[in-house]
> 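Dropping the structure in here first, questions after.
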Amino acid sequence: MSDGATIWADSMIAAALAAIDPVVASVLLRAGAGPVREHWLDLVRELMPASTVIRKLPPSISDDRLLGGLDLAATLQSGCPVLQHGLLAEADGGVLIAVMAERIAPSTIAHLTAALDTGTVSIERDGMSLRVPSRFGLIALDEGIGDERVSPALADRLACHLDLGTVARADLGESLFKSSDIAAARALLPQIRLSDDAIAALTTTACALGIDSLRAPLLACRVARIAAALDGETDVAEPHIACAARLVLAPRATRLPAMEDDNESNEAPESQNESAESEQDDRSNDGPLEDRVLDAAQAAIPADLLKRLQDERAMRMRSSSASKQGTAQKAPKRGRPIGSRRGEWRAGARLNVLETLRAAAPWQPLRRRTQRSDKSGRLIVHKDDIRITRFKQRSGTTTIFVVDASGSSALQRLAEVKGAVELLLAECYIRRDEVALIAFRGKSAELLLPPTRSLTRAKRSLAALPGGGGTPLSAAIFAATELALAVKAKGQAPTIVLMTDGRANVARDGVGGRGEAEAEALVAARQLALTGIPVVLVDSSPRPQDKAAQLAGAMQARYVALPHADAARLSQAVMAQAGRG
Amino acid sequence: MGIAFPFSAIVGQDEMKLALMIAAVDPKVGGVLAFGDRGAGKSTAVRALAALLPPMSAVVGCPYQCDPADAAAQCAACRARSKPGGKAKKPAALKAHQVPVPVIDLPLGATEDRVVGALDLERALAHGEKSFEPGLLARANRGFLYIDEVNLLEDHLVDLLLDVAASGENVVERDGLSIRHPARIVLVGTGNPEEGELRPQLLDRFGLSVEVKTPGDLPTRIEVIKRRDAFETDQAAFVAHWDKEEAKHRKRILAAREHIGSVKVADRELEKTARLCMALGTDGLRGELTLMRAARAAAALDGAKAVDDSHLKTVAPMALQHRLRRNPLDDSGSSVRVERALNELFAS
């Protein structure tokens, strides 16, 4: 069987499990939109009872629609507040399909995870207070290309992770199961027994694969039960455990159990030791089942796990900026409400119902008289009465560091910048400022740290620093410009801090040539100047250079020579130069 | 929401459990913050707390569940009713009933009007009456206000909470209403630091802060999964199985509450408290106060007559670690610094 066919076979099982108990066997499906994904979704739909409510959750859903809120039309009609249920309540007992799940806004993710955790949705909005049951199965469709991924908080709660990226149309087959199998399994599910050994095997395997969250083994246990039910067994046996290990645990693996040495991507060495020890423990008492489950999981782990992990890490960093590019905000819709104003109620604006009704109230007798036909208690609201809530949101600053990581002296610089990033973060997070870091070397520029306010995350991302190679200055300037524009689109104010000696030697096409590379860097610099984004150029050469000053001129940057900076001086310089010191 | 996982069945996480118990014994310690790994059981512990707490006596029909025995902390309506010579001719004893201690969720999508309370829209529209509809702060009075993902809470809501948590009173001046009501609440927040930092002002308001880590050793992890699986398979049976343990915890909290007034804090321990805070350079006196209060509650939970070194040692990390000045270049983390200071203090 080809790789694709193997993956497809597992996907079929996942589809059946999701059809049996969608709430438990939720699915994260990574695949582009296309026939393969559609085929899978069709099969799930076919397997589920026909009565199942299946709703789509678009990534840009508003809180009103997601959680519920005041139904304006009905409220005006009846003269008293009427609640409109949100999607989370409507999906109770059914299935939600989150399309483009990698683009769901963080606040929406938080609501989704809260509903998944509690099985209810709490509404505390628009003068209403309600708890509505909301137990639904979730199928999250991750269409991310390369760098975009579903939020870790959501992925953690989804049981089966499938990646259909390598499945071709030729691999597709019909479902291995019929809806009668699903019905039988559903009936059997409450009687399934799961032994302590099975629990131990799955937990041990999760540990051995470097999976930290305890949700993973828990979900694996529950998936194993469903797998047994699908099989028509009342006891969870080895194949079911292996199946759960393949679908739930393997895709979450952060390392291969045998590879403890050349494992650079492991960020928590102590946990590695612990699990290594515990692995031995198990072997000493009762190994075989654990070993076989581990083998099963390992078989399902793609061979290029380590490489993928590294890519993923880079991806995760880029995603936080990329995923928001599309949501340019013209007027802030969140933040501190600062009263209301008369206005037109268009999409996105937040209607202030109380103020609107209050504006309409004094006119009611008069309006009723002019519209005599209307005898109901209906409120008559005119366009003039509409009040929109205004929000004030402090737009924070995002400082983007762009650092030359080529050659050995530059590494020193990079370390300084790392320190400066942490200092700035420690000082800035009160003001909601963010910091990002781009390093360039060899042939390209790489986003080491996406805009973040989290010191924890920054520390983790900055742990490993690449170094050496050529100086692709123009690529770096382009990357910085792109990121700065994305930041701006988000409503933040970007500042670029570029550290370089101005001596480029790699052009964007990746080939060397000092003259060409420098000319290209100047072009990039002029383009950056056109955007009007404030730039500080820190000349990092031991003696200030013409080239760097020239570059600063081209990008209309402030020029600072800091031949022997340390992290503290650098962060001071940035604060001062960015006009915040 | 269904049945909560029993508090006593939570494996490990002793620091978090102790912090919550301390807050249940002495609400004045000022709230609990649990920050840490995904899937480590933070929310489970907080939700379990609600089921654990012994019920309290409250005035019937009062939207703020006022304490009938504590006139000073009552809302205006309850005070007016109980005061002799007020509207009621006789000092009518307030009717009381037993209610569960509120553990109120503050969901992230909440709007300001629902948190502080606002004009009752329904009555305004239907009857033209201007009346106040109490919000979440009212519901949480004398209990806990739980914010999951507290670091994602919008700024303006955080500001509101800070003020109310500090004053114990909610002042509403909006929609033409002017109302104040008691809001003695214990803030409980959970979150994952990878989603973003918490504002330092808010961090400082939390009396106790614990770092929650997923248990690292395999047997513990297996035990967690076993219990969770047993719970999900048959919730009623599982809860019944843990009933005795829950009752024990409940008794311990009740006993500690009665007993806490008589727990002595010797000058010698106070001096150690002060020296510890000085060594760590915590700002203000809030660190000392919280440390002393938490140590006293811990002693009361132990049934001890006086605070001793062991209580100080147990609660010092949770009372102090979030009050240290941040030194981002020091990788050793604040809990390590507290530990170090503790060792130095008690070695001498």
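Chain A is the first sequence line, chain B the second, and so forth, proteins listed ahead of strands; every chain is numbered from 1. Because only heavy atoms are used, hydrogens play no part in the values below, and waters and symmetry mates are left out as well, while side chains stay in.
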> So which heavy atom on A/Ile199 is nearest to which on B/Ile222, and how close?
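Heavy atoms of A/Ile199 and B/Ile222 come nearest at CG2-O, 4.1 Å.
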> With only heavy atoms counted, which part of A/Arg135 is less than 4.5 Å from chain B, the side chain, the backbone, both or neither?
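The answer is neither part of A/Arg135.
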> Is there a side-chain contact (heavy atoms from CB on, under 4.5 Å) between A/Leu214 and B/Ile225 once you walk through the steps?
CA-CA 8 Å; A/Leu214 279 173; B/Ile225 305 288; 4.1 Å; yes
> Highest number of heavy-atom pairs under 4.5 Å with chain A: which of B/Lys213, B/Arg228, B/Glu149?
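Looking at each of B/Lys213, B/Arg228, B/Glu149 in turn, B/Arg228 comes out on top.
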> Non-hydrogen atoms of chain B under 4.5 Å away: do they reach the side chain of A/Ala200, the backbone, both or neither?
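Contact with chain B is through both the backbone and side chain of A/Ala200.
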> What's the spacing between A/Ser122 OG and B/Arg114 CZ if we round to 0.5 Å?
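So the OG of A/Ser122 and the CZ of B/Arg114 are separated by 12.0 Å.
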> Identify the heavy atoms of A/Ser129 and B/Arg139 that sit nearest to each other, and give their distance.
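Looking at all heavy atoms of both residues, the shortest contact is OG-NH1, 3.0 Å.
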> Hey, which of A/Leu67, A/Leu66, A/Leu218, A/Ile123 has the most heavy atom pairs under 4.5 Å with chain B?
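Of the candidates given, the most pairs with chain B belong to A/Leu218.
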> Please look at A/Asp156 and chain B and tell me whether the side chain, the backbone, both or neither of the residue comes under 4.5 angstrom of a heavy atom of that chain.
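Just the side chain, heavy atoms under 4.5 Å.
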> Take A/Glu124 and B/Thr111 through the test side-chain contact (heavy atoms from CB on, under 4.5 Å) and record every step on the way to the result.
CA-CA 6 Å; A/Glu124 296 291 348; B/Thr111 51; over 6 Å; no
> Let me know if B/Pro107 has heavy atoms under 4.5 Å from chain A in its side chain, its backbone, both or neither.
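For B/Pro107, side-chain heavy atoms alone lie under 4.5 Å from chain A.
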> For A/Thr118 and B/Arg47, test the side chains for any donor-to-acceptor distance below 3.5 angstrom and give the result as yes or no.
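No donor-acceptor contact under 3.5 Å links the two side chains.
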> Sequence neighbours left out, what passes salt bridge (charged side-chain N to carboxylate O under 4.0 Å, His left out) with B/Asp37? Give chain and number order.
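With neighbours one apart ignored, the set is empty.
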> Is B/Leu136 close to chain A through its backbone or its side chain, or both, or neither, when contacts mean heavy atoms under 4.5 Å?
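When you check distances to chain A, only side chain atoms of B/Leu136 fall under 4.5 Å.
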> Between A/Ala220, A/Pro217, A/Ala216, who has the most heavy-atom pairs with chain B when the cutoff is under 4.5 Å?
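Ranked by heavy-atom pairs under 4.5 Å with chain B, first place is A/Pro217.
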> What residues, two or more places apart in sequence or in another chain, satisfy side chain to side chain contact (heavy atoms under 4.5 Å, CB included) together with A/Ser151?
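Result, side chain to side chain contact (heavy atoms under 4.5 Å, CB included) vs A/Ser151: A/Ile109, A/Ala153, A/Leu154.
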> Any side-chain heavy atom of B/Glu232 sitting closer than 4.5 Å to one from A/Cys221?
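The answer is no; the side chains never approach within 4.5 Å.
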> So, B/Thr233 versus A/Arg225: side-chain donor-acceptor pair below 3.5 Å or not?
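Checked: B/Thr233/A/Arg225 side chains pair up, N/O donor to acceptor below 3.5 Å.
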> Is there a side-chain contact (heavy atoms from CB on, under 4.5 Å) between B/Asp105 and A/Arg131? Walk through the geometry before answering.
CA-CA 11 Å; B/Asp105 266 21; A/Arg131 311 196 68 141; 4.2 Å; yes
> Of all heavy-atom pairs between A/Asp212 and B/Arg221, which one has the smallest distance, and what is that distance?
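Smallest heavy-atom distance, with atoms named: O-NH2, 3.0 Å.
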